[in-house]
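Report on the following structure.
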Amino acid sequence: MDDVKQLVTDIKNGNIKPIYFLMGEEPYYIDRISEFIEKNVLSDEEKGFNQMVLYGRDVSIEDIVSNAKRYPMMAERQVIIVKEAQDLSRTIENLAGYATNPQPTTVLVVNYKYKKIDKRKALYKAVNKIGVIYESKKLYENQVADWIRKVLASKNYTISPKAAQMLVEFLGTDLSKINNELDKLQIILPKGSNITPEAIEENIGISKDYNNFELQKAIGERDVLKAHKIVHYFAENPKDNPMVVTVSLLFNFFSQLLHFHGLNDKSPRNMASALKINPYFVNDYIIAARNYPMKKVSGIVSTLREFDVKSKGVGSNAVPQGDLLKELLVKIVS
């Protein structure tokens, strides 16, 4: 996020490079940077003749170079944006010749999503020398809640740890989807608001009581009645609560619990660092560790591996997923 802010600041200050090669597994920041350049480098009057959007599936590298070598009309520069450039992955290295000697009055933006170019080859070296190469890396699941907090803080909002975790569990690591939901909340809630689980439930439709976070917490506390209620709710609403997601989250939880049992230093600060979790959730692991000794946790991890396969339809085609989830819960808490 800091790299993106610096890149945007440089452009605002007039430090504009001839090539921006935006690549990587996470499309969110690639889209944001490209959109910023598209909206802000040229004035509205200049865009008509001097801004062009191309799509990788429709053009060749030669087409891109030909357009990039044109001179701007009644403007200081032109902007050429190539979207979905990953469709040119087989020939993208041919852009190296242009990158070695780019047109100084052209700003070429290449959106190369879900892939990256070889740092050892000529294209990377040429662009890195005279332009900007930005690699947008996918966030790990345990990093997304912190990303949500930072995004909201920049807009003068706060969010409770549980509310942030609810969003991560419901939307996964897709930053574009998460950002869309955050935008909705910012329209509804006034600036300075703290976003609570209740606000998430009311405005996004994620239940604050019946979700994977609450199931994990109930299992950790060995609150069997509450866990069964949540599992029953999941069984009644399978489309909104796919078993494969629940099993994956429980697997991560018990894998971390196994790691916790092996820690020599079980101080809250070291736990949060070692397990890569928000300090707010440290107590959940301490309680769960009391309820599930290391040998039991190891067995649960094995059981979860087994049910992960079953949740994907291997060896259990005739068994409803809700029944599988109930069986899994019994094996965990017994």
Side-chain angles (χ1 to χ4, degrees), residues 1-2 25-26 137-153 158-173 175 178 197 208-209 211-228 230-231 243-311 325 327-334:
M1 188 183 287
D2 291 339
E25 290 295 320
E26 176 50 66
K137 296 180 179 178
K138 200 83 174 173
L139 293 184
Y140 293 112
E141 190 171 295
N142 60 25
Q143 297 174 310
V144 178
D146 191 47
W147 179 86
I148 291 171
R149 284 190 288 275
K150 287 180 179 178
V151 168
L152 288 172
T158 57
I159 186 168
S160 75
K162 179 180 174 180
Q165 197 63 33
M166 285 168 65
L167 286 173
V168 176
E169 289 174 1
F170 188 70
L171 300 169
T173 60
L175 301 188
I178 294 171
K208 67 180 176 59
D209 296 316
N211 56 65
N212 283 308
F213 172 79
E214 290 298 329
L215 176 61
Q216 175 184 299
K217 188 175 177 66
I219 290 173
E221 295 173 352
R222 293 191 78 89
D223 187 339
V224 178
L225 180 59
K226 182 178 178 180
H228 274 291
I230 296 171
V231 165
M243 182 179 173
V244 65
V245 175
T246 300
V247 172
S248 175
L249 291 167
L250 289 176
F251 180 82
N252 289 337
F253 174 68
F254 280 100
S255 295
Q256 287 178 308
L257 198 57
L258 198 61
H259 187 187
F260 167 81
H261 276 298
L263 292 176
N264 291 322
D265 180 359
K266 289 184 171 65
S267 64
R269 177 178 290 185
N270 186 65
M271 273 187 61
S273 174
L275 301 182
K276 296 183 173 59
I277 58 174
N278 187 303
Y280 176 85
F281 299 113
V282 164
N283 198 51
D284 292 348
Y285 285 83
I286 293 173
I287 293 170
R290 292 186 191 131
N291 290 323
Y292 300 91
M294 180 179 279
K295 186 176 179 180
K296 175 65 174 175
V297 173
S298 182
I300 290 172
V301 169
S302 296
T303 299
L304 285 163
R305 289 185 194 276
E306 173 192 341
F307 276 79
D308 177 55
V309 174
K310 289 183 178 180
S311 72
L325 195 54
E327 181 186 348
L328 172 61
L329 178 59
V330 170
K331 287 186 178 249
I332 289 174
V333 298
S334 61

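No hydrogens, no waters, no symmetry mates; every other heavy atom, side chains included, goes into these values. Keep in mind the model is a prediction, meaning the values are calculated, not measured.
- Side-chain contact check for Glu169 versus Thr246: every heavy-atom pair is 4.5 Å or farther apart.
- Closest approach of Val168 to Ala145, counting heavy atoms only: CG2-N, 3.8 Å.
- Between Asp146 and Arg149, at least one side-chain N (NZ, or NE/NH1/NH2) sits under 4.0 Å from a carboxylate O, which counts as a salt bridge.
- For the side-chain contact (heavy atoms from CB on, under 4.5 Å) with Val333, the qualifying choice from Leu328, Val224, Asp223, Ile300 is Val224, the only one to do so.
- Ser311 places a side-chain N or O within donor-acceptor distance of the main-chain N or O of Asp308, the cut-off being under 3.5 Å.
- Taking the charged nitrogens against the carboxylate oxygens, Glu214 and Lys162 do have a contact shorter than 4.0 Å, which makes a salt bridge.
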Residue pair Leu258, Ser298: steps toward the side-chain contact (heavy atoms from CB on, under 4.5 Å) verdict: CA-CA 7 Å; Leu258 198 61; Ser298 182; 4.3 Å; yes
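- With ring centers used as reference points, Phe253 lies 6.0 Å or more from Phe281.
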Which is it for Phe260 and Tyr292 under the ring-ring contact (aromatic ring centres under 6.0 Å, His included) test, yes or no, and what are the steps along the way? CA-CA 11 Å; Phe260 167 81; Tyr292 300 91; over 10 Å; no
Would Met271 and Ile286 count as a side-chain contact (heavy atoms from CB on, under 4.5 Å) here? Give the steps. CA-CA 9 Å; Met271 273 187 61; Ile286 293 173; 3.9 Å; yes
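- Two residues are said to be in side-chain contact when any heavy atoms from C-beta on lie closer than 4.5 Å; Phe307 and Leu250 fail this criterion.
- Side-chain atoms of Thr173 and Glu26, non-hydrogen and from C-beta on, never get closer than 4.5 Å to each other.
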Between Glu327 and Val330, does a side-chain contact (heavy atoms from CB on, under 4.5 Å) hold up when you go through it step by step? CA-CA 5 Å; Glu327 181 186 348; Val330 170; 5.8 Å; no
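- Considering CG of Asn212 and CG of Leu249, their distance stands at 5.0 Å, rounded to 0.5 Å.
- Using a distance-only test at 3.5 Å, with no hydrogens or angles considered, a donor-acceptor pair links the side chain of Gln256 to the main chain of Leu275.
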Between Val151 and Leu175, is a side-chain contact (heavy atoms from CB on, under 4.5 Å) present by the stated rule, with each step listed? CA-CA 11 Å; Val151 168; Leu175 301 188; over 6 Å; no
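- Between the side chain of Asp265 and the main chain of Asn270, no donor-acceptor pair closer than 3.5 Å is present.
- Checking side-chain atoms of Asn291 against main-chain N and O of Gly220 turns up a donor-acceptor pair under 3.5 Å.
- Across all their heavy atoms, Ala274 and Leu263 have their closest contact at CB-CD2, 3.8 Å.
- The side-chain heavy atoms of Asn252 and Asn142, taken from C-beta on, include no pair separated by under 4.5 Å.
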